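Below: the structure, in structure tokens.
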Amino acid sequence: MEVVVSSEQPDNKEWLSHVKIGQRFDLELLDQRKSRCSCELVGYKAGKYVLFRVDDDTLPDRFFINGLAVVCRFLVEDSVGECFAFKSELLQLTRFPDKLAVISFPAAIQRRALRNERRNSIFIPASVRLNLEVVQNSRSFHGHLIDVSSGGCRFLFDPSHQGSKVNLAPVVLHIQCEKIGIDQQIQGEVRNSRLEERGLSIGIQFNLPQLYLDKLAVAS
């Protein structure tokens with residue numbers, strides 16, 4: 001469930017503690033087309049500028065005009081989950097050795113909670129597959145739950161998994177752990193996917209609240 005509560009961050013440098021080099025950003029150009037592209041954080045100088053590497057296959061160079069206003073957004077999937085956004089100005093675009101966009105350092109940050117309940121950190125075995133009501137003969141993928149609440153969870157695929165992206169889709173999560181005595185299948189929807197150092201993970205929103213899952217972190 002998305003909560004549309006937003007707040008402006010008074011300390012315009014505090015957001016840097018939530019990102020690291022390689023963090024994925026969504027960059028929206030405030031031109032007539034409201035063009036958007038995906039990019040990754042390369043570096044910054046606090047109070048001066050932020051530097052991004054723009055994906056080559058997203059937008060042609062002609063869409064980048066110095067002085068153009070832009071909106072940057074990125075997700076932080078911690079215990080609560082937040083969307084950060086700020087408005088800035090395109091300072092410069094370089095095309096070699098990579099397409100690099102330099103924008104002005106933001107004067108203010110907006111934050112919006114993605115969930116209305118806190119998730120507890122956890123690490124227990126589980127598997128996930130597409131819902132058989134939608135797809136026949138769906139394959140199960142093994143991994144671990146790494147956070148959980150009554151409304152949803154984050155599932156981390158085993159390191160052997162070769163996928164790099166998971167589209168929004170109905171799934172069935174199977175939590176099977178003898179240690180805490182649980183063997184439960186839960187229907188839900190994939191809301192996002194993220195590729196990080198430890199592998200591919202997906203955020204799942206349950207179709208129905210699973211109140212007993214709030215106790216799993218303590219039991220594990």
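In what follows, residues are counted from 1 in the order of the sequence shown. As the structure is a computational prediction, the values presented were derived from the model and not from experiment.
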Could you identify which residues cluster with Val102, counting Ile, Leu, Val, Met, Phe, Trp and Tyr as linked when any side-chain heavy atoms lie under 4.5 Å apart, either directly or through a chain of such contacts?
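Val42, Tyr49, Leu51, Leu91, Leu100, listed by chain and number.
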Which pair of non-hydrogen atoms, one from [X] and one from [Y], has the smallest distance, and what is that distance?
{"X": "Leu173", "Y": "Cys153", "value": "CD2-SG, 3.7 Å"}
{"X": "Ala46", "Y": "Leu16", "value": "CB-CD1, 4.3 Å"}
{"X": "Gly67", "Y": "Glu89", "value": "CA-OE2, 3.5 Å"}
{"X": "Ile175", "Y": "Ala126", "value": "CA-CB, 4.3 Å"}
{"X": "Glu40", "Y": "Gly22", "value": "OE1-CA, 3.7 Å"}
{"X": "Cys72", "Y": "Leu27", "value": "SG-CD1, 3.1 Å"}

Distance, nearest 0.5 Å, that separates [atom1] of [X] from [atom2] of [Y]:
{"X": "Ile124", "Y": "Leu145", "atom1": "CD1", "atom2": "CG", "answer": "5.0 Å"}
{"X": "Gln205", "Y": "Arg191", "atom1": "CD", "atom2": "CZ", "answer": "4.5 Å"}
{"X": "Leu200", "Y": "Ile202", "atom1": "CG", "atom2": "CD1", "answer": "7.5 Å"}
{"X": "Phe74", "Y": "Leu41", "atom1": "CZ", "atom2": "CG", "answer": "9.0 Å"}
{"X": "His144", "Y": "Ser127", "atom1": "NE2", "atom2": "OG", "answer": "11.0 Å"}
{"X": "Gln110", "Y": "Arg73", "atom1": "CD", "atom2": "CZ", "answer": "9.5 Å"}

If you count every heavy atom of other residues, nucleotides or ligands that lies below 6.0 Å from Phe206 atom CZ, does the total exceed 12?
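Buried by this count: over 12 neighbours within 6.0 Å.
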Checking side-chain contact (heavy atoms from CB on, under 4.5 Å) for the pair Val70/Leu29: CA distance, chi angles, key distance, verdict?
CA-CA 5 Å; Val70 298; Leu29 310 181; 3.5 Å; yes
State which residue, out of Val128, Ile186, Asp183, fulfils the side-chain contact (heavy atoms from CB on, under 4.5 Å) condition with His174.
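By the side-chain contact (heavy atoms from CB on, under 4.5 Å) criterion, His174 pairs with just one of Val128, Ile186, Asp183: Asp183.
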Side chains of [X] and [Y]: does their closest heavy-atom pair fall under 4.5 Å?
{"X": "Phe155", "Y": "Ile204", "value": "yes"}
{"X": "Thr94", "Y": "Lys99", "value": "no"}
{"X": "Arg154", "Y": "Arg194", "value": "yes"}
{"X": "Leu30", "Y": "Val71", "value": "yes"}
{"X": "Ile103", "Y": "Val50", "value": "yes"}

Is it true that Phe157 and Val172 fall in one hydrophobic cluster, defined by side-chain heavy atoms closer than 4.5 Å?
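No, no single cluster joins them.
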Are [Y] and [X] an aromatic pair, judged by ring center distance below 6.0 Å?
{"X": "His161", "Y": "Phe141", "value": "yes"}
{"X": "Phe84", "Y": "Phe86", "value": "no"}
{"X": "Phe25", "Y": "Phe52", "value": "yes"}

Audit row: Ile146, Arg198, side-chain contact (heavy atoms from CB on, under 4.5 Å) steps and yes/no:
CA-CA 11 Å; Ile146 55 176; Arg198 53 182 175 174; 3.3 Å; yes
If you apply the rule side-chain contact (heavy atoms from CB on, under 4.5 Å), what do you find for Phe123 with Asp147, and how did you get there?
CA-CA 7 Å; Phe123 194 79; Asp147 68 40; over 6 Å; no
Donor on one side chain, acceptor on other, Ser88 and Ser104, under 3.5 Å:
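Present: a donor and an acceptor within the cut-off.
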Check whether Ser149 reaches the backbone of Gly151 with its side chain - one donor and one acceptor, N or O, closer than 3.5 Å.
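Judged by distance alone, yes, a pair lies under 3.5 Å.
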Could you tell me whether the side chain of Glu28 and the main chain of Asp26 form a donor-acceptor pair under 3.5 Å?
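No, the answer is negative, given that no donor and acceptor are paired below the 3.5 Å cut-off.
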Regarding Asp55 and Arg53, does a basic nitrogen lie under 4.0 Å from an acidic carboxylate oxygen?
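The answer is yes: the pair qualifies as a salt bridge.
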